[in-house]
2 protein chains.
Amino acid sequence: MSPTSTDATTDASTDLGTAATAPAAAPSPDEVGSAAQRERRKRILDATIALASEGGFDAVQMRSVAERADVALGTLYRYFPSKIHLLVSALGREFDKAEQGLRGRPVPGETAAERVITILKMLSRGLQADPHLTEALTRAFMFADSSATAEIHRVGMTMTSMLSRALHPDLVDVGELGEEDVAITKVIGDVWLSALVGWVTGRSTAADTAHQIEVAVSLLLRD
Amino acid sequence: MSPTSTDATTDASTDLGTAATAPAAAPSPDEVGSAAQRERRKRILDATIALASEGGFDAVQMRSVAERADVALGTLYRYFPSKIHLLVSALGREFDKAEQGLRGRPVPGETAAERVITILKMLSRGLQADPHLTEALTRAFMFADSSATAEIHRVGMTMTSMLSRALHPDLVDVGELGEEDVAITKVIGDVWLSALVGWVTGRSTAADTAHQIEVAVSLLLRD
DNA sequence: GTCATGATAGGAACACGTTCCACCTCGTCC
DNA sequence: GGACGAGGTGGAACGTGTTCCTATCATGAC
């Protein structure tokens with residue numbers, strides 16, 4: 001309830017980050033509950049994405065989501081305790097989708113820097129193709145507090161996993177990354193996030209964002 | 001009009017700062033209006049800081065601010081068009097204060113990395129001394145959209161100025177920084193912001209934050 | 001079949017950001 | 001002094017996130 005509680009997950013910093021402690025295979029939220037419940041959950045997230053895509057953060061109104069998902073408002077709140085949770089969960093699902101699209105296929109590029117930039121550009125292109133959706137999800141991510149730690153963590157893990165595979169294409173497990181590589185991954189994630197926020201809030205253009213990331217990567221991976 | 005300074009910070013992307021259109025020496029908001037108006041403005045910002053410091057973002061309620069500043073709600077909205085503007089303006093004032101406290105005094109430290117870390121640690125300590133206030137101001141900063149560009153810009157400039165002086169203590173004007181140094185400054189600012197968000201939202205501890213910044217700085221300034 | 005139990009529907013109610021309106025106050029100009 | 005107008009006051013009202021309550025529905029135990 002009170003967002004001040006120091007909860008778990010704190011020992012390993014999360015940020016966009018460290019996949020350090022895998023939370024012992026938490027059951028994916030898509031796998032719990034009855035079939036009807038999974039179906040409702042999916043409808044809710046679909047409605048969320050649709051509304052976000054149409055009008056951004058402000059357009060994702062809980063009453064609208066409930067109506068479009070054909071679910072009562074109280075039910076919506078039973079599934080997602082707040083608008084922020086709802087949007088961060090949606091973000092998690094989208095991120096997962098993106099990661100699965102990339103998985104398997106090797107990342108093109110000779111050097112680590114090239115591959116990382118490639119990955120980030122692909123991600124950015126995907127996001128910029130749907131500005132409203134991106135705005136909604138990013139805002140939610142930035143506004144989430146510790147009560148959404150679990151969802152945030154999933155997103156961070158996915159990001160780490162994508163970047164890691166770009167850094168070292170032959171690595172199987174993220175845990176095998178060296179300390180410095182983990183740090184680099186984290187910094188790049190931070191820059192990416194900041195750039196994204198700048199873009200979402202209209203403070204910088206898409207070109208700015210891309211340039212900012214390229215510069216950061218070239219500073220960090222100059223070998 | 002103004003002497004063309006061709007400084008690097010304006011054309012490049014923004015990160016914490018540079019809005020696309022530099023507002024050409026806008027008169028500081030503390031210098032406009034009648035004495036009574038400046039006084040009202042100050043009372044409003046004081047009330048904002050006080051409430052934020054007591055209970056964070058949620059405690060800064062427009063009705064409360066108006067009441068504590070002894071001002072009508074409509075007047076409050078005449079001075080600051082939204083809660084976000086209000087908080088970002090307050091952030092700007094606080095940041096200015098911090099920067100003025102640092103100005104003049106040389107930053108201790110042998111290497112650039114040491115000095116940058118020192119500055120950031122001082123900043124972080126200041127922020128962590130008042131978590132509620134920090135939470136309120138950071139949330140606002142992250143949530144601000146382009147309508148608050150001017151205020152955001154002030155904050156970004158201040159940050160850049162502080163970091164620049166740490167990088168090159170003898171520099172007089174920020175515009176003299178080399179391209180790479182500007183880029184480094186920006187990346188560090190990004191990491192700092194991300195770390196701050198992580199801390200504010202309860203996703204990471206103060207120690208995490210400090211460590212995260214140190215690692216980033218040492219990666220970026222390893223000469 | 002009946003019943004108990006938990007989930008859902010439907011909707012009222014509340015809190016807070018924001019807008020709007022009617023009226024008042026005070027400095028300025030004639 | 002009186003009229004004017006910008007800016008201030010007090011408060012009602014609206015929208016949206018959130019909470020809460022009651023009736024209805026579904027499902028498994030017996």
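For clarity, every value in this text was computed on a predicted model and none was experimentally measured. Note that these values count all heavy atoms, side chains included, but never hydrogens, waters or copies made by symmetry. Naming: A, B, ... by sequence-line order, numbering from 1 per chain.
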Does any N or O in the side chain of [X] come within less than 3.5 Å of the main-chain N or O of [Y], such that one atom is a donor and the other an acceptor?
X	Y	answer
B/S161	B/M157	no
A/K83	A/F57	yes
B/S146	B/T149	no

- [ ] Establish, from distance only, whether the side-chain atoms of A/T201 and B/D145 form a donor-acceptor pair under 3.5 Å.
- [x] no
Let me know the distance between [atom1] of [X] and [atom2] of [N], rounded to the nearest Å.
X	N	atom1	atom2	result
B/Y77	C/dT18	OH	P	4 Å
B/F143	C/dG17	CZ	P	13 Å
B/Q61	C/dT18	CD	C1'	14 Å

- [ ] May I ask you to decide whether A/R93 forms a salt bridge with A/E151, counting only side-chain N to carboxylate O separations under 4.0 Å?
- [x] no
Task: Cationic N near anionic O, under 4.0 Å, A/K42 to A/E39 - done: no
Open item on the list: Would you call the rings of B/F143 and A/F143 parallel, tilted or perpendicular, taking 30° and 60° as the class edges?
Closed with: tilted
Task: Cation-pi geometry met for A/R203 and B/F141 (6.0 Å, 45°) - done: yes
- [ ] Using chain B heavy atoms and a threshold of under 4.0 Å, write down where along DNA chain D the contacts begin and end, 5' to 3'.
- [x] D/dG7 to D/dA13
TODO: Please work out if B/V60 contacts a base, only the sugar-phosphate, or nothing of the nucleic acid, heavy-atom cut-off 4.0 Å.
DONE: sugar-phosphate
For nucleotides 8-12 of chain C, tabulate all protein N/O to nucleotide N/O atom pairs closer than 3.5 Å, reporting atom names and distance.
from	atom 1	to	atom 2	distance (Å)
C/dT8	OP1	A/R40	NH1	2.9
C/dT8	OP1	A/Y79	OH	2.8
C/dA9	OP2	A/A72	N	2.7
C/dA9	OP2	A/T75	OG1	2.6

